[in-house]
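Values below: all heavy atoms of this structure, side chains included; hydrogens, waters and symmetry mates excluded. Throughout, numbering of the chain's residues begins at 1 and tracks the sequence.
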Amino acid sequence: MGSVPIDQALRMAEEAGLDLVEIAPNSEPPVCKILDLGKLKYANQKKAAEARKKQKIVEIKEIKMRPNIDTHDYEVKMKAMNRFFEEGDKVKVTLKFRGREMAHQELGMKLLLQVKDDTQAIAKVEAEPKLEGRQMMMVLAPK
């Protein structure tokens, strides 16, 4: 239509039985369209719902271990961890110390470093292993 005065544009919209909608208010001159506002709102709502549907919510899964874990138990935990990474989730590895195990924290650190090495190909370390009270934690995220 080109540049049209506001009163004329409103009259044109009223004659068509539609609404005058301002599309770009900051441009010079402001850009308006004659269309059905209800349909526009509905289309925008559908587009937002579709975008929300395609979103992946990243969860934090937790794997709990002990410093003196056996090799088979360790392999089972690693399989679970690999499955979590394939699903796109983060994994929090928690190592609990009980009783005199606190005297051998280097065993726990060694175990977490082994987990880090074993998952190096498919995951990156988001939070380095650190001791908090009686447990040591590390967070891994998929690459």
Does the side chain of V115 come within less than 4.5 Å of L140's, by heavy atoms? yes

Group every Ile, Leu, Val, Met, Phe, Trp and Tyr by side-chain heavy-atom contacts under 4.5 Å, then state whether M12 and I23 land in the same group. no

Do you reckon L107 sits in the same ILVMFWY cluster as L113, going by side-chain contacts under 4.5 Å, direct or chained? no

Can you run down the side chain to side chain donor-acceptor pair (under 3.5 Å) pairs that involve residues 119-143, sequence neighbours left out, and say none if there aren't any? K90-E126, K116-E128

Are side-chain heavy atoms of V91 and I60 found at a separation under 4.5 Å? no

Give every donor-acceptor pair under 3.5 Å between a side-chain atom in residues 26-55 and any protein atom, sequence neighbours left out.
| unit_1 | atom_1 | unit_2 | atom_2 | d |
| --- | --- | --- | --- | --- |
| S27 | OG | A24 | O | 3.1 |
| S27 | OG | P29 | O | 3.0 |
| D36 | OD1 | G38 | N | 3.4 |

Heavy-atom closest contact (A123 atom, F85 atom, distance): CB-CZ, 3.5 Å

So, taking the atom named CG in D117 and the one named CD in Q114, what distance separates them when rounded to the nearest 0.5 Å? 8.0 Å

I would like to know whether M137 and L112 meet side chain to side chain contact (heavy atoms under 4.5 Å, CB included); could you show each step before the answer? CA-CA 8 Å; M137 294 177 178; L112 286 180; over 6 Å; no

Drop me the distance from L20's CG to Q8's CD, to the nearest 0.5 angstrom. 11.5 Å

Which heavy atom in P129 sits nearest to a heavy atom in M109, and how many Å separate them? CB-SD, 3.8 Å

Indicate every side-chain donor-acceptor pair of residues 93-106 with a distance under 3.5 Å to a residue at least two apart or in another chain.
| unit_1 | atom_1 | unit_2 | atom_2 | d |
| --- | --- | --- | --- | --- |
| T94 | OG1 | E62 | OE2 | 2.6 |
| E101 | OE1 | R66 | NH2 | 3.1 |
| E101 | OE1 | R98 | N | 2.8 |
| E101 | OE2 | R66 | NH2 | 2.5 |
| H104 | ND1 | E106 | OE2 | 3.4 |
| Q105 | NE2 | M102 | O | 3.3 |

Solution key, residues 73-81 side-chain donor-acceptor pairs under 3.5 Å, sequence neighbours excluded:
| unit_1 | atom_1 | unit_2 | atom_2 | d |
| --- | --- | --- | --- | --- |
| Y74 | OH | D118 | OD2 | 2.5 |
| K77 | NZ | K64 | O | 2.9 |

Going by side-chain heavy atoms closer than 4.5 Å, which hydrophobic residues are tied to V139, directly or by a chain of links? none

Who passes side-chain contact (heavy atoms from CB on, under 4.5 Å) against E15, sequence neighbours left out? R11

